[in-house]
Amino acid sequence: MRRDGPRPRLVLVLLVAAAIALMVLDGRPGTDPVTGTARAAAGAAFGPVAGAVSTAARPVADGYRTLAAAPGARARIEELEERNRRLSAELAAAEQDGVRSERLDDLLHLSGLGGYEIVPAQAVTRMGSGGYAETVTLDAGTRDGVARDMTVVDGSGLVGRVIRASRSTSTVLLFTDGASSVGARMEGSREIGAVHGESRALDGRAPAVLELMQADAPLEEGDRVVTMGSHNDAPFVPGVPLGTVTRVRDTPGALTRTAEIRPAADLGSLDVVGVVVGGPEEDPRDSVLPDKPDGDAARPPERSDRQQGDR
């Protein structure tokens, strides 16, 4: 049976109207006997309702205050906060481990393509050492098979070469250091030259410079460079990505051709790297380079007259 009817609705409307009227009257200044009488009547009518609401809400508020003031409550709160901080730290560590795992996968992929035997290591410090501006210390040394004049790579390309090795650590000279020089070869051609480091400060922002032996060698932005390799693979194994040409330096009358390159490896955020303890059985040529994006296929190699005569 429906309990709604006109009378309850009428009562509700009258109560709402009375409440609005009382709020208006209560906001008026003065001691008008009419408004004073209305206020007194409203207090008598609504006082029991307000008291009942206050009585009903009091146990909740008292319970909250009792919980906060209970013996051991503060210690429990501090314990939960400490647990939260510990869980946050563990989450951050897990994320870092995930990043390192990805970098290790990239490193193993590069070594597999090039046929390099590597010892994984972690870059622990970066600083100038022994007159060099750009060096990195690794947590791997002679006990791990690391020795002087070994190539160091990361998952993207060349990092540098080992210049010192102790039992548990080794020092790597980055190839961007001003004292470094690496034999280089252009992707898709037989043009050779060298990449010289230009960094002579710890910020390492100066680019490396590619110098080709032939002044008329084809060279343009976007061309990629790999290591040519050293005798007995020391200090550099062949085929490791060095970088990409970002600006060609045109110098009229020069006997060589030069350009700035952007290193393939992110030398500013080194973490997991690999020391090449065994070189490839044969030169991997360009097979270690990643595929170019669609529409940016490698330019067909151009040969100089000297190279065409070598056929």
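Only this structure's heavy atoms are used, side chains among them; waters, hydrogens and symmetry mates stay out.
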- Note on the structure: Rounded to the nearest 0.5 angstrom, the CG-CG distance for Leu289 and Leu242 is 9.5 Å

- Query: Which atoms form the tightest heavy-atom contact between Val153 and Val159, and what is the distance?
  - Reply: C-CG2, 3.7 Å

- Note on the structure: Between Val162 and Val275 the two heavy atoms that sit nearest each other are CG2-CG1, 4.3 Å

- Would Asp271 and Arg100 pass as an ion pair if we require N to O under 4.0 Å? yes

- Passes side chain to side chain contact (heavy atoms under 4.5 Å, CB included), Ile118 versus Val276? Steps please. CA-CA 4 Å; Ile118 65 168; Val276 181; 4.1 Å; yes

- Message: Please evaluate residues Val288 and Val226 with respect to the criterion side chain to side chain contact (heavy atoms under 4.5 Å, CB included), reporting the C-alpha separation (whole Å), side-chain torsions for both, the decisive distance (0.1 Å), and the verdict.
- Response: CA-CA 9 Å; Val288 183; Val226 299; over 6 Å; no

- Residues two or more places apart in sequence or in another chain: which of them pass side-chain hydrogen bond (donor to acceptor under 3.5 Å, both in side chains) with Thr142? none

- Item | Heavy-atom closest contact (Asp139 atom, Gln122 atom, distance) | OD1-N, 2.8 Å

- Task: Tell me, with the steps shown, if Asp154 and Arg103 meet side chain to side chain contact (heavy atoms under 4.5 Å, CB included).
- Result: CA-CA 8 Å; Asp154 76 352; Arg103 293 188 176 186; over 6 Å; no

- Is any side-chain heavy atom of Thr176 closer than 4.5 Å to a side-chain heavy atom of Glu198? no

- Message: The criterion is side-chain contact (heavy atoms from CB on, under 4.5 Å); which residues satisfy it with Ser168, sequence neighbours excluded?
- Response: Arg143

- Going hydrophobic residue to hydrophobic residue with side-chain gaps under 4.5 angstrom, can you get from Leu212 over to Val209? no

- Item | Cluster check Val248, Val195: I/L/V/M/F/W/Y, side chain < 4.5 angstrom | yes

- Message: Please give me the minimum heavy-atom distance between Ala140 and Ser170, naming the atom from each residue.
- Response: O-OG, 2.8 Å

- Note on the structure: When every non-hydrogen atom of Leu173 is compared with those of Thr135, the smallest separation belongs to CD1-CG2, 4.1 Å

- Task: Flag the pair Val237 / Pro280 as yes when at least one side-chain heavy-atom distance between them is below 4.5 Å, and no otherwise.
- Result: yes

- Nearest-0.5 Å distance, CZ of residue Arg167 to CG of residue Asp144: 9.0 Å

Contacts table for residues 259-267: side-chain donor-acceptor under 3.5 angstrom, sequence neighbours left out:
{"from": "Glu260", "atom 1": "OE2", "to": "Arg247", "atom 2": "NH2", "distance (Å)": "2.8"}
{"from": "Glu260", "atom 1": "OE2", "to": "Arg249", "atom 2": "NH2", "distance (Å)": "3.1"}
{"from": "Asp266", "atom 1": "OD1", "to": "Gly268", "atom 2": "N", "distance (Å)": "3.3"}
{"from": "Asp266", "atom 1": "OD2", "to": "Ser269", "atom 2": "OG", "distance (Å)": "2.7"}

- Query: Between the side chain of Asn232 and the main-chain N/O of Ala234, is any donor-acceptor distance below 3.5 Å?
  - Reply: no

- Can you tell me how far CG of Leu174 sits from CD of Glu134, rounded to the nearest 0.5 angstrom? 5.0 Å

- Given side chains that start at C-beta, do those of Val182 and Arg161 come closer than 4.5 Å, heavy atoms only? no

- Item | Residues Val245, Glu220; criterion side chain to side chain contact (heavy atoms under 4.5 Å, CB included); working and verdict | CA-CA 7 Å; Val245 174; Glu220 63 183 39; over 6 Å; no

- Message: If I compare all heavy atoms of Asp283 with all of Gly239, which pair ends up nearest, and what's the gap?
- Response: OD1-N, 4.1 Å

- Message: Using modelled atom types and a 3.5 Å cut-off, is there a donor and acceptor pairing between side-chain atoms of Ser180 and backbone atoms of Asp177?
- Response: no

- Item | Test applied, salt bridge (Lys or Arg N to Asp or Glu O under 4.0 Å); reference residue, Asp286; option that passes from Arg224, Arg190, Lys292, Arg185 | Arg185

- Item | Value rounded to 0.5 Å, distance of CG in Asp106 from OG in Ser101 | 9.5 Å

- Query: Are Leu108 and Val146 co-members of a hydrophobic cluster defined by side-chain heavy atoms under 4.5 Å apart?
  - Reply: yes

- Query: Hey, does the side chain of Ser230 reach the backbone of Phe236 with a donor-acceptor pair shorter than 3.5 angstrom?
  - Reply: yes

- Item | CG on Leu210 to OG1 on Thr244, rounded to 0.5 Å | 11.0 Å

- Message: Looking at Asp216 and Arg257, is there a salt bridge between them, counting it only when a charged N and a carboxylate O are closer than 4.0 Å?
- Response: no

- Item | Point-to-point distance, once rounded to the nearest 0.5 Å, from CG of Leu138 to OG1 of Thr171 | 8.0 Å

- Query: Are Val152 and Val277 grouped together when hydrophobic residues (ILVMFWY) are joined by side-chain heavy atoms under 4.5 angstrom apart?
  - Reply: yes

